[in-house]
Amino acid sequence: RIRPDGGVARLRAEGRPVGLALDYDGTLTPIVSKPGAARLSPRVRRWLKWLGLRRGVTVAIVSGRRLEDASRRVGVPNLTCVGLHGLERRWRGGRVEWVWRRTDVARVEQLARWVTARAPFLDGWRLDRKGPAVGFHHRGFTRSVVLRLKRTVARACRSHPGPWRLIDNSRTLEVTAVAVHKGDAI
């Protein structure tokens with residue numbers, strides 16, 4: 001665990017540059033049952049502001065959320081912010097870059113409709129449309145239902161023109177229309 005009064009200050013005192021890539025959900029904020037309820041604590045926000053003002057320190061917030069949502073939730077200038085697993089990027093200094101095309105949004109919407117039509121077994125699930133990406137939230141479902149969802153989404157990706165990137169995390173299966181990863185962006 002790096003704290004402003006410890007690791008970062010020590011590394012900077014040694015003249016070494018510091019780069020931190022921090023995910024919003026599950027790292028900067030706890031995982032919550034409804035993603036919209038995830039809130040950055042005032043203490044963490046102060047820490048990020050402190051880091052953002054340090055010379056030789058680069059902080060990148062990486063998220064599966066849309067860029068504007070992640071940026072708004074963090075609310076700290078001078079940080080690099082990566083949204084949609086690398087599809088949207090705002091670099092320190094303000095330059096914004098999108099690694100997707102308008103046609104990708106239509107492809108994702110078509111894939112989401114295909115999955116929805118074939119997944120009546122998912123009672124109470126939530127679909128999170130994010131433009132060139134879509135999230136199939138499966139919090140609280142049994143393992144067998146989650147496996148059926150994963151098979152259905154994989155089948156959708158095989159039957160629709162790609163490229164696609166499947167991101168399988170513990171509570172959501174996400175599909176992006178461009179094969180990028182959070183690590184590619186930073």
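Pairs engaging residues 165-179 under the salt bridge (Lys or Arg N to Asp or Glu O under 4.0 Å) rule: K130-E174, K150-D168 [sequence neighbours left out].
Between E88 atom CD and C81 atom SG the span is 9.5 Å, to the nearest 0.5 Å. Note that CG of L111 and NE2 of H160 are 5.5 Å apart. Values are rounded to the nearest 0.5 Å. In this structure, CG on N169 lies 9.0 Å from CG on D23, to the nearest 0.5 angstrom. For the atom pair CH2 (W114) and OG1 (T152), the distance works out to 7.0 Å, reported to the nearest 0.5 Å.
In terms of heavy-atom proximity, L166 sits nearest to C157 at CD1-SG, 3.2 Å. Contact detail for L84 and A133: the closest heavy-atom pair is CD2-CB, 4.0 Å.
Inter-residue side-chain proximity for L147 and R151 is flagged as met; some heavy-atom pair is nearer than 4.5 Å. In this structure the side chain of W98 never reaches within 4.5 angstrom of the side chain of L87, judged on heavy atoms. In this structure, the side chains of L51 and L53 stay at 4.5 Å or more apart for every pair of heavy atoms.
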(message) One pair to check against side chain to side chain contact (heavy atoms under 4.5 Å, CB included): L127 and V134. What are the steps and the verdict?
(response) CA-CA 7 Å; L127 185 65; V134 62; 3.4 Å; yes

(message) If you apply the rule side chain to side chain contact (heavy atoms under 4.5 Å, CB included), what do you find for W100 with V105, and how did you get there?
(response) CA-CA 8 Å; W100 54 273; V105 177; 3.5 Å; yes

(message) Pair K49, R46 - check side chain to side chain contact (heavy atoms under 4.5 Å, CB included), show working.
(response) CA-CA 5 Å; K49 284 181 183 176; R46 283 192 306 274; 5.7 Å; no

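Of the possible polar contacts, one joining the R107 side chain to the A177 backbone as a donor-acceptor pair under 3.5 Å is found. S159 places a side-chain N or O within 3.5 Å of a backbone atom of A156 that can act as its donor or acceptor partner. Without hydrogens or angle criteria, R95 side chain to R92 main chain gives no donor-acceptor distance under 3.5 Å. Remark: the backbone N or O of A119 is not paired with any side-chain donor or acceptor of R148 at under 3.5 angstrom.
The cationic atom of R158 (NZ for Lys, CZ for Arg) does not lie both less than 6.0 Å from the six-membered ring centre of W164 and within 45° of the ring axis. With W91 as the aromatic partner, R89 does not meet the cation-pi criteria of under 6.0 angstrom to the ring centre and within 45 degrees of the ring axis. Both tests pass for R54 against the ring of W50: distance under 6.0 Å to the centre and angle within 45° of the axis.
Using a 4.5 Å cut-off between side-chain heavy atoms of Ile, Leu, Val, Met, Phe, Trp and Tyr, with links allowed through other members, I167 and I31 fall into different hydrophobic clusters. Hydrophobic clustering of Ile, Leu, Val, Met, Phe, Trp and Tyr side chains at less than 4.5 Å, counting indirect connections, unites V44 with I61. Residues L28 and V32 are members of separate hydrophobic clusters, defined by side-chain heavy-atom contacts under 4.5 angstrom among Ile, Leu, Val, Met, Phe, Trp and Tyr. Taken together through direct or relayed side-chain contacts under 4.5 Å among Ile, Leu, Val, Met, Phe, Trp and Tyr, V145 and V115 form part of one hydrophobic cluster.
Side-chain contact of T172 with H137: a donor-acceptor pair under 3.5 Å is present, judged by distance alone.
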Below 3.5 Å, can you tabulate the donor-acceptor pairs from side chains in residues 69-77 to any protein atom, sequence neighbours excluded?
from: D69; atom 1: OD1; to: R72; atom 2: NH2; distance (Å): 2.7
from: D69; atom 1: OD1; to: R73; atom 2: NE; distance (Å): 2.8
from: D69; atom 1: OD2; to: R65; atom 2: NH1; distance (Å): 3.0
from: D69; atom 1: OD2; to: R73; atom 2: NE; distance (Å): 3.4
from: S71; atom 1: OG; to: L67; atom 2: O; distance (Å): 3.0
from: S71; atom 1: OG; to: R90; atom 2: NH1; distance (Å): 2.7
from: R73; atom 1: NH1; to: G36; atom 2: O; distance (Å): 3.4
from: R73; atom 1: NH1; to: A38; atom 2: O; distance (Å): 2.9
from: R73; atom 1: NH2; to: G36; atom 2: O; distance (Å): 3.3

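Every residue was checked against the side-chain hydrogen bond (donor to acceptor under 3.5 Å, both in side chains) condition with T58, not counting sequence neighbours, and none meets it.
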